Amino acid sequence: MLRFVSLGSGSKGNASLIEFDSTLLMIDCGLPRKVVEERLAQVGRSPRDVTALLVTHEHSDHAQGVATFVRRYNTPVWMTPGTASAVRELPRVSTLSCHRSLTIGSITVEPFPVPHDAREPCQFVFAAGGRRLGLLTDAGYVTPHMHERLMPCDALAIECNHDLDSLQRGPYPQSL
């Protein structure tokens with residue numbers, strides 16, 4: 001069974017788990033490492049169980065804990081080249097294309113680009129065991145390509161913390 005667990009969602013930090021068979025992927029690590037360790041323990045997992053870490057984009061609520069987690073546990077980390085150019089202090093990074101799927105363990109990862117105020121943001125569809133799970137966190141709006149990628153999914157995990165007042169008062173572009 002393809003399993004999804006949220007370890008944290010919101011402007012204070014994002015981290016999610018996708019699991020199938022013996023493959024456990026963490027998407028984003030926007031929480032301090034110690035908080036991630038505690039939340040993994042709460043769901044019966046260890047940081048060493050994480051097969052790979054995928055990063056959607058460089059904003060701190062998605063990436064602030066990446067470097068300390070990866071250095072401590074030697075976890076392989078994947079992100080787009082644009083995101084990698086903004087996330088520093090990593091021992092090594094594997095880059096992915098927003099337009100090409102990859103397989104990590106028993107899970108096929110299908111990245112796709114999203115409109116967001118980051119260098120090269122992406123989101124993912126995960127496929128395993130005949131099921132498809134779409135993950136969508138930060139996107140300024142829904143594009144036809146995003147709709148096409150997410151429509152065939154069996155389930156969607158969507159972060160919805162839109163705050164119109166913060167957007168209007170903050171340093172955000174009009175498109176958001």
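What you see is a predicted model; the values in this text were computed from it and never measured.
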Contact summary for [X] and [Y], nearest pair of heavy atoms:
{"X": "W78", "Y": "T95", "answer": "CZ3-O, 3.6 Å"}
{"X": "C153", "Y": "L156", "answer": "CB-CD2, 4.0 Å"}
{"X": "C98", "Y": "P121", "answer": "SG-O, 4.0 Å"}
{"X": "P115", "Y": "M146", "answer": "CD-SD, 3.5 Å"}
{"X": "V36", "Y": "C29", "answer": "CG2-SG, 3.8 Å"}
{"X": "L96", "Y": "C122", "answer": "CD1-SG, 4.2 Å"}

Check whether [X] and [Y] end up in the same hydrophobic cluster, where Ile, Leu, Val, Met, Phe, Trp and Tyr are linked by side-chain heavy atoms less than 4.5 Å apart.
{"X": "V55", "Y": "L102", "result": "no"}
{"X": "I27", "Y": "V66", "result": "no"}
{"X": "I104", "Y": "L133", "result": "yes"}
{"X": "V77", "Y": "L7", "result": "yes"}
{"X": "F69", "Y": "L31", "result": "yes"}

Please report the interatomic distance [atom1]([X]) to [atom2]([Y]), rounded to the nearest 0.5 Å.
{"X": "T108", "Y": "E110", "atom1": "OG1", "atom2": "CD", "result": "6.5 Å"}
{"X": "H147", "Y": "M151", "atom1": "NE2", "atom2": "CE", "result": "4.5 Å"}
{"X": "T137", "Y": "I158", "atom1": "OG1", "atom2": "CD1", "result": "10.5 Å"}
{"X": "T51", "Y": "L54", "atom1": "OG1", "atom2": "CG", "result": "10.5 Å"}
{"X": "I18", "Y": "L24", "atom1": "CD1", "atom2": "CG", "result": "9.0 Å"}

Problem set entry | Results of ring-ring contact (aromatic ring centres under 6.0 Å, His included) for H62 - residues two or more places apart only | H57
For this session: Only counting residues at least two apart or in another chain, list the ones meeting ring-ring contact (aromatic ring centres under 6.0 Å, His included) with F4.
Result: none
Exercise. Is any side-chain N of the basic residue among E37 and R72 closer than 4.0 Å to the acidic one's carboxylate O?
Worked result: yes
For this session: Salt-bridge test for D154 and R131: reply yes if a basic N is under 4.0 Å from a carboxylate O, no otherwise.
Result: yes
Backbone N or O of [Y] within a donor-acceptor pair of the [X] side chain at under 3.5 Å?
{"X": "T23", "Y": "I107", "answer": "no"}
{"X": "T56", "Y": "Q123", "answer": "no"}
{"X": "E120", "Y": "T80", "answer": "no"}

For this session: Could you check E159 against N14 for side-chain contact (heavy atoms from CB on, under 4.5 Å), going step by step and ending with a plain yes or no?
Result: CA-CA 9 Å; E159 178 190 37; N14 295 273; 2.8 Å; yes
Do [X] and [Y] touch side chain to side chain, with heavy atoms closer than 4.5 Å?
{"X": "F112", "Y": "H145", "result": "yes"}
{"X": "P113", "Y": "T143", "result": "no"}
{"X": "V5", "Y": "Q42", "result": "no"}
{"X": "L17", "Y": "L25", "result": "no"}

Problem set entry | Candidates K34, E89, R33 - the one meeting side-chain contact (heavy atoms from CB on, under 4.5 Å) with T68 | R33
Exercise. Given the rule in the side-chain contact (heavy atoms from CB on, under 4.5 Å) test, do D117 and H59 qualify, once you have shown the distances and angles that lead to the verdict?
Worked result: CA-CA 9 Å; D117 60 334; H59 291 165; 3.2 Å; yes
Exercise. Step by step, would you call L90 with R71 a side-chain contact (heavy atoms from CB on, under 4.5 Å)?
Worked result: CA-CA 7 Å; L90 293 173; R71 279 197 309 271; 5.9 Å; no
Exercise. Going by atom types only, do R119 and S85 share a side-chain donor-acceptor pair under 3.5 Å?
Worked result: yes
Exercise. Are S11 and D61 close enough that a side-chain donor and a side-chain acceptor fall under 3.5 Å?
Worked result: no
Exercise. Is atom CZ of R100 surrounded by more than 12 heavy atoms (other residues, nucleotides or ligands) closer than 6.0 Å?
Worked result: no
For this session: Report the C-alpha separation of L136 and F124 in whole Å, then their side-chain angles, then the decisive distance to 0.1 Å, and conclude whether the side-chain contact (heavy atoms from CB on, under 4.5 Å) test is met.
Result: CA-CA 7 Å; L136 184 61; F124 303 102; over 6 Å; no
Exercise. Tell me the salt bridge (charged side-chain N to carboxylate O under 4.0 Å, His left out) pairs involving residues 38-56, sequence neighbours left out?
Worked result: E19-R45, R45-D49
